[in-house]
Amino acid sequence: GKPCWKDGPDFSIAHGGGHVGCALATPVLRVGLDLEPAGAASWQDLRHALGQDADLPAAGHGDATALWVAKEAVVKAAGATVADLASVRVAGGEATFE
């Protein structure tokens, strides 16, 4: 499960492309952070992770890495797992866990 700090703020740690990031939230909020180097994910990667029936833009329309990072950050904030990535909807610059 997601690491936690008993009686402390929610936090999320991510690393990728030689960088590390940490986000902290107030005790009443949840936070998720992911980072990947540009171009780290392809549409094929997302189809593999989310399933062939995933509602994804056509290849070449949008940034697969940006979509992956948004979905993974929301899953981390929700305390869910990579298996729940398909439950994250991204639209209009917002990502929600359904």
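In what follows, residues are counted from 1 in the order of the sequence shown.
Checked by atom type and distance alone, the side chain of Arg89 never pairs as donor or acceptor with a backbone atom of Thr96 at under 3.5 Å.
The NZ atom of Lys76 sits 14.5 Å away from atom CG of Asp84, with the distance rounded to the nearest 0.5 Å. If you take CD on Glu36 and NE2 on His19, they are separated by 11.5 Å, rounding to the nearest 0.5 Å. Going from atom CG of Leu85 over to atom CH2 of Trp68 covers 5.0 Å, rounded to the nearest 0.5 Å. Between the OG1 atom in Thr65 and the CG atom in Leu35 there is a gap of 12.0 Å [rounded to 0.5 Å].
In this structure, Leu50 and Ala86 approach most closely via the heavy-atom pair CD2-N, 3.6 Å. Scanning both residues, Ala23 and Leu33, for their nearest heavy atoms gives N-CD2, 3.9 Å. Summarising the geometry of Pro37 relative to Gly16, their closest heavy-atom pair is CD-C, 4.2 Å, with the distance given to 0.1 Å. Nearest heavy atoms, Leu29 versus Asp10: O-CB, 3.3 Å. Scanning both residues, Pro9 and Ala25, for their nearest heavy atoms gives CB-O, 2.8 Å.
Linking ILVMFWY side-chain heavy atoms closer than 4.5 Å, directly or via other members, places Ile13 and Val31 in two distinct hydrophobic clusters.
In this structure, the side chains of Leu67 and Trp43 come closer than 4.5 Å at one or more pairs of heavy atoms.
Within 6.0 Å of atom CD in Glu94, 12 or fewer heavy atoms from other residues, nucleotides or ligands are found, so the atom counts as exposed in its surroundings.
For the side-chain hydrogen bond (donor to acceptor under 3.5 Å, both in side chains) test, residues two or more places apart in sequence or in another chain that qualify with Asp45 are Ser42.
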